[in-house]
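Working notes, structure below.
Every value quoted in this text rests on a predicted model; they were computed, and no experiment measured them. Just follow the structure's listing: the first ligand is 1, and inside any ligand the first atom is 1. Position 1 is the first residue of the sequence, and the numbers go up from there.
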Amino acid sequence: MSTLHEIIYENVCEGELYEKLDRDWVRCFACGHCCKIPDGQPGVCKVRYNRSGTLYVPWGYVGGVQCDPIEKKPFFHAHPGALAYSFGMLGCDLHCAYCQNWVTSQALRDSAAVVGPMHVTPAELVLDALRQGGRVIVSTYNEPLITSEWAMAVFKEARAAGLVTGFVSNGNGTQHVLEYLRPWVDLYKVDLKSFDDRHYRQLGGRLQPILDTIRRLHEMGIWLEIVTLVIPGFNDSDDELTRLAEFLAGLSPNIPWHVTAFHKDYKMTDPENTSAETLIRAAEIGKRAGLRYVYAGNLPGMVGDLENTRCPNCQDLLIERYGYLITGYRLTPQGCCPSCGAGIPGRWDPSFRRQVTAHPFVPRMHSRANLFVLNS
Ligand code: SF4
């Protein structure tokens, strides 16, 4: 039986996001590390590697698929109630000790992260998404930037089938990869994990490429929402949260900011779980900085009004939520407040189709992607 490394190294194609250098070295542009890679070696992410002066990148498999509410990504201002079909490959360019997707993201670094990749084509994935009632397809679970070529192949099929496309990403991008994604990505969520470069270095990255990515995505007009997992003792100081929120508000007060609760996971088990009081404090900081849409997540029913969308002009309640569940929806077909007519930024549908998860969510059929498990 092949090892995970052998499977990864066999399911590849030539990358599109790199340049050839002297002596069979290459430079990859898929993420902010911009690895300069000698012949025979992988990049930091361990899934893109140089063989004889050609960069090979992951192709033709997924580490997992799932269909769930778009609110879970979370996108709160894009197609509310839609089912989002999520897929991911393996590997990541960071190594966060608290990763909640470590089984896929750290599969190449941590032998405890055992997953069986499933062999699939872009057309099969899109068909699976449509069969399950997905209206949005999202590249997530691992870091999608490092598998951008595969995501674009899937998104081209998805667009042709009428699906909306999205990335759920750590935001460690480059100008090069964002220009590559721009024609095919509708929605982009960035995890802005901290506003302190020392913290980012602990996670294996740097702050500046993430800030540059957020700014570029906003300038490109891709719909952008930001999430900060608030971890007690790591990134929850008033000072750090204020600087982070002021950065976002400086780009646009209309960028939704989700502050979400940490729970002990993977290798980070020391900090206490985030309390509702801490989330409410973070959200107040965001609002003081000028952000109009600040949400508190992962503690349903414990954060007062901070799960809901209100009109920033007249304070009317527009979308009411309990966790991922939409319990009230009053936006006009044009995405405006019905009381004062103010436009609410986002990607709205002409009408709110009842959320599938308003009832127990049962996919119309189970995913067929698991029919293609490699090595089976
Ligand atoms: S995706 Fe990032 S970590 Fe991986 S090889 Fe390219 S630059 Fe390096």
Side-chain angles (χ1 to χ4, degrees), residues 4-5 7-63 87-97 99 101-102 104-110 113 117 139-155 167-182 184-185 188 190-193 197 200-214 216-217:
L4 186 56
H5 275 89
I7 291 169
I8 300 304
Y9 272 50
E10 284 161 9
N11 289 276
V12 291
C13 69
E14 182 176 356
E16 297 184 315
L17 294 161
Y18 82 106
E19 64 175 353
K20 291 176 182 284
L21 303 173
D22 290 343
R23 293 174 291 113
D24 280 345
W25 286 58
V26 300
R27 187 185 304 279
C28 176
F29 300 119
C31 88
H33 288 312
C34 293
C35 296
K36 193 177 163 192
I37 311 170
D39 184 16
Q41 295 298 315
V44 170
C45 59
K46 300 191 184 302
V47 295
R48 299 168 76 90
Y49 67 92
N50 177 355
R51 189 168 66 207
S52 304
T54 297
L55 184 74
Y56 289 91
V57 305
W59 192 264
Y61 72 88
V62 289
F87 67 93
M89 300 187 96
L90 300 175
C92 189
D93 52 327
L94 303 183
H95 46 78
C96 307
C99 184
N101 286 322
W102 65 276
T104 46
S105 72
Q106 303 303 315
L108 278 299
R109 291 194 181 92
D110 189 332
S139 184
T140 178
Y141 302 138
N142 76 317
E143 171 48 46
L145 286 168
I146 68 173
T147 48
S148 286
E149 289 91 344
W150 170 248
M152 289 312 97
V154 175
F155 285 3
F167 256 33
V168 169
S169 165
N170 62 30
N172 187 27
T174 63
Q175 176 83 34
H176 204 111
V177 71
L178 296 178
E179 292 293 349
Y180 179 78
L181 303 177
R182 180 182 199 162
W184 301 105
V185 177
Y188 205 117
V190 173
D191 277 314
L192 181 51
K193 300 166 190 288
D197 188 60
Y200 260 105
R201 286 178 192 267
Q202 287 175 25
L203 309 177
R206 292 180 297 124
L207 174 61
Q208 194 58 50
I210 285 107
L211 301 186
D212 291 343
T213 296
I214 291 171
R216 286 174 179 140
L217 287 166

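Geometrically, Arg51 engages Tyr56 in a cation-pi contact, judged by NZ or CZ lying under 6.0 Å from the ring centre and within 45° of the ring axis. Geometric assessment of Lys36 against the ring of Trp25 yields a positive cation-pi assignment under the 6.0 Å and 45° thresholds.
At least one side-chain heavy atom of Tyr188 sits under 4.5 Å from a side-chain heavy atom of Leu181.
Remark: side-chain polar atoms of His33 are paired, donor with acceptor, to backbone N or O of Asp93 under 3.5 angstrom. Under the 3.5 Å distance criterion, the side-chain polar atoms of Glu143 are left unmatched by any main-chain donor or acceptor of Ser169.
Between Cys34 and Thr174, the closest heavy-atom pair is SG-CG2, 3.8 Å.
If you number the atoms of ligand 1 from 1 as listed, the ones under 4.0 Å from a heavy atom of Cys45 come out as 1 (S), 3 (S), 4 (Fe), 5 (S). Residue Ile146 has at least one heavy-atom neighbour below 4.0 Å for each of these atoms of ligand 1: 1 (S). For ligand 1, the atoms lying closer than 4.0 Å to a non-hydrogen atom of Cys28 are 1 (S), 5 (S), 6 (Fe), 7 (S). The His33 neighbourhood of ligand 1 comprises atoms 3 (S), with distances under 4.0 Å to a heavy atom of that residue. Which parts of ligand 1 touch Gly43 is read off a 4.0 Å heavy-atom cut-off, strictly below it: atoms 5 (S). For ligand 1, the atoms sitting less than 4.0 Å from at least one non-hydrogen atom of Ala30 are 1 (S), numbered in the order shown with element in parentheses.
At a cut-off of 2.8 Å, Cys35 coordinates atom 8 (Fe) of ligand 1 through an N, O or S atom. Cys34 lies apart from atom 6 (Fe) of ligand 1 in this respect, since none of its N, O or S atoms is found at a distance under 2.8 Å.
The six-membered or imidazole ring of Tyr49 lies near that of Tyr9, with a centre-to-centre distance under 6.0 Å.
For atom 2 (Fe) of ligand 1, the closest non-hydrogen atom of the protein is Cys31 SG, 2.3 Å.
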